[in-house]
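Working notes, beginning with the structure itself.
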Amino acid sequence: MTDTDLDAAGRAASAATPPTPPTPSTSPTPSTSPIPSTPSAPSTPSASSTPSAPLLHVEELGVSFARPGGGRRIRVLDDVELTVRPGEIVGVVGETGSGKTTLARAIAGLTTPDGGRVLLDDRDIARLRGRARRRFRRGGAIQFVFQDPLRSLDPELTVGASVGEGLAIAGVGSRAQRAERVAGALRQVGLDPAVADRLPAQLSGGQRQRASIARAVVADPRLLLCDEPVSALDASNRNHILLLLDELRRRLALGIVVISHDLSSLAGIADRVVVLYRGRVVEAGPIADVFTRPRHPYTALLIASAPDIHGRDRLAAAQLRSQRPDDDATARWAGGCVFAHRCRFATDVCAQTPPSQDAAGRPAGDWTVACHHTDTWRNQTAATATPTTAVTARKESSA
Ligand SMILES: Nc1ncnc2c1ncn2[C@@H]1O[C@H](COP(=O)(O)OP(=O)(O)OP(=O)(O)O)[C@@H](O)[C@H]1O
């Protein structure tokens, strides 16, 4: 049994859509903005089209873990909000330990939240227990794709057996029907169905990641949770997998959450981005806007540390880093903004009061920032504008 067994059991639905192998011949990193949003997912706050109903809506999600020796629990996620619409790709970024994987696990029901709601099609799946929870998982509506494909592909099983394992566990169809569905899923991800007879070790890294995505899509999911799906791949394969995700969300109207440290990869495919810092959302909005002119100092710092992202009035990390000593991190800042102890622009209010999520653009709620000084901190920097006026990300070879 592998990590996705909980989720991978397939729904008794029809075989996968006829294959249209992706055409990974161009870079997923356009020159001026992320790949255009689906019609249901406007990429700018001023877009006038009405967004479709959310597929996933996470509200006030909190997760904490027990300390090994007892005592107060460790709060890992606090009041997290996240919305994903059908056909939309939402990136989740933040430094190591910020809670990205915990968020994905809580959405999938692999970690039990302390509070909040995880609404999938308006149904609170965080509250499912017992049989209802098992039935939901067997349904396969939410699927994981991991950084290491061997977390979902058993090295001892053929690719076909791994991809079809969830269907077999759920008793979906006859053996021949399952084989047909597996072949369809392999085609969906651009693999020759003949790879079904091979072992994972006989595939390249990129092919293995495609096979693990086939294992996810064979279940006919609504939502894919991709945890660093390309960070173990070389540049060429990275592009191909990003293009594949982009293709799948369009073709299957999948909602996709992509957790990544690589901001330029996200800039190539995501519609929206959520920035986590120590388990709190500090900024969320259309990726082209957020990466072009971040409204939170932490987002600006992340972007300053990503050489491939060039926003308007790009700031250098040195303009954003706190000049206070490191040992300023404790008591004074404990009750206020989660980023205050590292923030160059923090004041007394930041030390005392957690900022609320405020609208940073139009329409209200589309772009939110949790900062007491959203409108003023930038004035305190000597902004170094670059010639670029929008998000650009390095075009990697797709050869
Ligand atoms: N089962 C657990 N028990 C206790 N603490 C945990 C558990 N899982 C995660 N944590 C802690 O929660 C915090 C967030 O971890 P998480 O893996 O979600 O972060 P992340 O942003 O995904 O990090 P990375 O980018 O390194 O994968 C970390 O401090 C981690 O040690």
Side-chain angles (χ1 to χ4, degrees), residues 2-7 56 58 60-82 84 89-116 118 126 133 142-152 209 212 223-233 238 241-242 256-267 270 272-284 287 290 294 296 298-299 301-306 308-309 326 329-330 333-334 338-339 341-342 370:
T2 58
D3 282 334
T4 50
D5 287 342
L6 287 172
D7 313 302
L56 175 76
V58 173
E60 299 176 2
L61 189 74
V63 172
S64 62
F65 293 111
R67 286 178 201 273
R72 253 180 70 195
R73 291 168 68 84
I74 306 167
R75 193 98 178 126
V76 170
L77 292 180
D78 215 352
D79 215 8
V80 168
E81 309 269 330
L82 174 86
V84 184
I89 297 183
V90 176
V92 178
V93 300
E95 61 199 30
T96 292
S98 56
K100 304 180 297 294
T101 298
T102 303
L103 173 59
R105 289 179 58 83
I107 292 170
L110 301 175
T111 293
T112 305
D114 305 336
V118 178
R133 187 161 162 155
I142 299 180
Q143 294 288 318
F144 255 109
V145 173
F146 299 100
Q147 174 180 346
D148 177 3
L150 292 180
R151 281 187 71 183
S152 49
Q209 191 57 298
S212 75
L223 181 74
L224 281 193
L225 301 170
C226 303
D227 195 348
E228 299 282 1
V230 296
S231 57
L233 302 175
R238 201 154 54 220
I241 295 297
L242 291 170
I256 304 183
V257 175
V258 180
I259 292 169
S260 182
H261 283 103
D262 180 1
L263 271 52
S264 66
S265 290
L266 285 181
R272 299 175 54 76
V273 66
V274 171
V275 183
L276 277 183
Y277 183 76
R278 286 199 178 174
R280 282 201 168 252
V281 175
V282 295
E283 182 161 7
I287 197 163
V290 173
H296 195 286
Y298 176 62
T299 315
L301 189 58
L302 274 185
I303 290 168
S305 312
D308 298 333
I309 304 290
D326 285 349
T330 51
W333 307 104
V338 73
F339 185 60
H341 69 284
R342 278 179 62 189

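Start at 1 and go down the list; that is how both ligands and their atoms are numbered.
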Heavy-atom distances under 4.0 Å decide this one: backbone, side chain, both or neither, for E95 against ligand 1?
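E95 to ligand 1: backbone contact only, side chain stays beyond 4.0 Å.
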Tell me if the CZ atom of R67 is crowded by more than 12 foreign heavy atoms within 6.0 Å.
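Atom CZ in R67 is packed in, count exceeds 12.
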Check the orientation of Y277 and H341. Use parallel for under 30°, tilted for 30 to 60°, and perpendicular for over 60°.
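Rings of Y277 and H341: tilted, as their planes differ by 30° to 60°.
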Taking all atoms of both residues into account, what is the closest heavy-atom pair of [X] and [Y], and its distance?
X	Y	answer
I107	I142	O-CD1, 3.7 Å
L225	A108	CD1-CB, 3.8 Å
S264	I309	CA-CD1, 3.7 Å

What are the atoms of ligand 1, with element, lying closer than 4.0 Å to any heavy atom of H261?
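Answer, ordered by atom number: 25 (O).
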List the closest protein heavy-atom neighbour of [atom]: residue, atom name, distance to the nearest 0.1 Å.
atom	value
atom 11 (C) of ligand 1	V76 CG2, 4.1 Å
atom 17 (O) of ligand 1	T101 CB, 3.8 Å
atom 15 (O) of ligand 1	T102 OG1, 3.8 Å
atom 26 (O) of ligand 1	T96 CG2, 3.0 Å
atom 6 (C) of ligand 1	F65 CD1, 3.3 Å
atom 14 (C) of ligand 1	G97 O, 3.4 Å
atom 21 (O) of ligand 1	K100 NZ, 2.8 Å

Taking atom types as modelled and ignoring hydrogens, do the side chains of S212 and Q209 form a donor-acceptor contact shorter than 3.5 angstrom?
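Checked: S212/Q209 side chains pair up, N/O donor to acceptor below 3.5 Å.
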R105 touching ligand 1 at heavy-atom level, < 4.0 angstrom:
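No, R105 has no heavy atom closer than 4.0 Å to ligand 1.
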Given the rule in the salt bridge (charged side-chain N to carboxylate O under 4.0 Å, His left out) test, do R105 and D227 qualify, once you have shown the distances and angles that lead to the verdict?
CA-CA 10 Å; R105 289 179 58 83; D227 195 348; over 6 Å; no
Between Q147 and V230 (side chain of the first, backbone of the second, donor and acceptor by atom type, cut-off under 3.5 Å), is there such a pair?
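Judged by distance alone, no pair lies under 3.5 Å.
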Geometric N/O contact G94 with ligand 1, under 3.5 angstrom:
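No; the residue has no nitrogen or oxygen that sits under 3.5 Å from a nitrogen or oxygen of the ligand.
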N/O separation below 3.5 Å, G99 to ligand 1:
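Yes: some nitrogen or oxygen of G99 is under 3.5 Å from one in ligand 1.
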Take R151 and F144, measure what side chain to side chain contact (heavy atoms under 4.5 Å, CB included) needs, and give me the verdict at the end.
CA-CA 10 Å; R151 281 187 71 183; F144 255 109; over 6 Å; no
Under 4.0 Å from atom 31 (O) of ligand 1, is there any protein heavy atom?
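It does not; no protein heavy atom is within 4.0 Å.
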